[in-house]
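A short write-up of the structure that comes next.
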Amino acid sequence: MKKPVIFIINHGEFGKALIESAELIAGPLDDIYAFSLKKGMSLEDLIELVEDKLKTEKNVIILTDLFGGTPNNVAVYLQNKYQFPLISGVNLPILLNLVLSRDAAEVDIDSIVSDTVAAGKDSIQYQELKNEFEIGGDDFD
């Protein structure tokens, strides 16, 4: 089975920057595309842009930046037509987990998606301010 193709649908250039950041950590990435909602762009324009690529791909997972936002609404509209997993609230840990999971082994897409959502939730941590911080020692273990 072909590894999943990843689409990121987002506001502005967030998806492109997210992919570039992920490549700093994981190296060059393939089968990943960013679709940007830009100022003055209509909902129909974004649908057409994504759907043109979606028609040529199989086994797609779509990530959006903001639940309920226009890119997410476009993805939901297309999901009803093409049936693919959709994760909203994409961040760097979610993208990295998804890329590494899909590239690691033959794992079913449902497991990849549920593990990715869990990793995204786990990555959100409140960091309390320490009174003293020294570089070295156990601070970076």
Side-chain angles (χ1 to χ4, degrees), residues 1-136 138-141:
M1 180 164 144
K2 184 179 180 267
K3 70 181 178 180
V5 175
I6 301 168
F7 284 15
I8 302 172
I9 309 174
N10 57 269
H11 293 87
E13 297 295 328
F14 177 66
K16 181 180 174 187
L18 197 59
I19 293 168
E20 290 171 359
S21 296
E23 288 182 326
L24 284 173
I25 297 166
L29 301 175
D30 59 354
D31 294 326
I32 183 166
Y33 305 93
F35 301 91
S36 300
L37 175 65
K38 297 179 180 175
K39 192 173 187 171
M41 187 179 216
S42 72
L43 182 75
E44 292 78 16
D45 291 340
L46 186 57
I47 288 170
E48 184 180 338
L49 185 66
V50 176
E51 191 168 22
D52 283 348
K53 186 65 177 170
L54 193 56
K55 288 177 184 176
T56 67
E57 297 294 342
K58 301 286 185 239
N59 203 24
V60 174
I61 297 173
I62 293 188
L63 308 172
T64 64
D65 57 355
L66 182 66
F67 177 78
T70 300
N72 188 247
N73 293 337
V74 164
V76 169
Y77 169 79
L78 291 170
Q79 186 183 40
N80 285 310
K81 212 170 170 180
Y82 294 95
Q83 286 82 46
F84 49 77
L86 170 59
I87 301 171
S88 63
V90 66
N91 59 25
L92 186 56
I94 284 175
L95 181 57
L96 284 170
N97 185 275
L98 183 55
V99 167
L100 297 174
S101 295
R102 74 166 184 169
D103 291 347
E106 290 289 324
V107 181
D108 68 277
I109 200 162
D110 292 332
S111 295
I112 291 171
V113 169
S114 64
D115 290 349
T116 297
V117 170
K121 289 177 182 178
D122 289 345
S123 72
I124 299 169
Q125 301 289 323
Y126 172 64
Q127 302 281 304
E128 290 190 50
L129 179 65
K130 292 183 178 182
N131 289 331
E132 294 180 27
F133 183 81
E134 294 179 24
I135 295 179
D138 294 334
D139 290 333
F140 290 102
D141 288 346

- Task: For Val60 and Tyr82, run side-chain contact (heavy atoms from CB on, under 4.5 Å): C-alpha distance rounded to whole Å, both residues' side-chain angles, the deciding distance at 0.1 Å, then the answer.
- Result: CA-CA 9 Å; Val60 174; Tyr82 294 95; over 6 Å; no

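- Lys3 has its side chain within reach of Asp30: a pair of non-hydrogen atoms, C-beta onward, lies under 4.5 Å apart.
- Across every non-hydrogen atom of His11 and Pro71, the tightest pair is CE1-CD, 3.2 Å.
- Looking at heavy atoms from C-beta onward, Asn72 lies out of side-chain contact with Leu66 at the 4.5 angstrom threshold.
- The shortest heavy-atom contact between Val74 and Leu43 is CG2-CD1, 3.3 Å.
- Not one N or O on the side chain of Asn10 forms a donor-acceptor pair closer than 3.5 Å with the backbone of Asp65.
- Two residues are said to be in side-chain contact when any heavy atoms from C-beta on lie closer than 4.5 Å; Asn73 and Thr64 fail this criterion.
- For the atom pair Ile9 CD1 and Leu46 CG, the distance stands at 6.0 Å (nearest 0.5 Å).
- A distance of 10.5 Å separates CD1 of Ile19 from CZ of Phe14, quoted to the nearest 0.5 Å.
- Residue pairs satisfying the side-chain hydrogen bond (donor to acceptor under 3.5 Å, both in side chains) criterion with at least one member in residues 86-97, sequence neighbours excluded, are listed as follows: Asn97-Ser101, Asn97-Thr116.
- The line from CG of Leu98 to CZ of Arg102 is 7.0 Å long, rounded to the nearest 0.5 Å.
- Residues Ile8 and Gly15 come closest through the heavy atom pair CG2-CA, 3.9 Å.
- Looking only at side-chain heavy atoms (C-beta outward), Leu49 and Met41 come within less than 4.5 Å of each other.
- Put simply, NZ on Lys39 and CG on Leu37 are 12.0 Å apart, with the number rounded to the nearest 0.5 Å.
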Contacts under 3.5 angstrom, residues 121-129 side chains, donor-acceptor by atom type, not counting sequence neighbours:
residue: Ser123; atom: OG; partner: Gly120; partner atom: O; Å: 2.7
residue: Gln125; atom: NE2; partner: Asp122; partner atom: O; Å: 2.7

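- Side-chain contact between Leu29 and Ile6 is absent, with no heavy atoms from C-beta onward closer than 4.5 Å.
- Between atom CG of residue Leu96 and atom CD of residue Glu23 there is a gap of 10.5 Å, rounded to the nearest 0.5 Å.
- The CD1 atom of Ile112 sits 5.5 Å away from the CD1 atom of Ile61 when rounded to the nearest 0.5 Å.
- Under the 4.5 Å side-chain criterion, counting only non-hydrogen atoms from C-beta, Val50 is in contact with Phe7.
- By the 6.0 Å and 45° rule, Lys53 stacks over the aromatic ring of Tyr33.
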- Message: Please evaluate residues Ile109 and Phe84 with respect to the criterion side-chain contact (heavy atoms from CB on, under 4.5 Å), reporting the C-alpha separation (whole Å), side-chain torsions for both, the decisive distance (0.1 Å), and the verdict.
- Response: CA-CA 10 Å; Ile109 200 162; Phe84 49 77; over 6 Å; no

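- Legend: residues meeting salt bridge (charged side-chain N to carboxylate O under 4.0 Å, His left out) with Lys55, ordered by chain and number and at least two apart, are absent.
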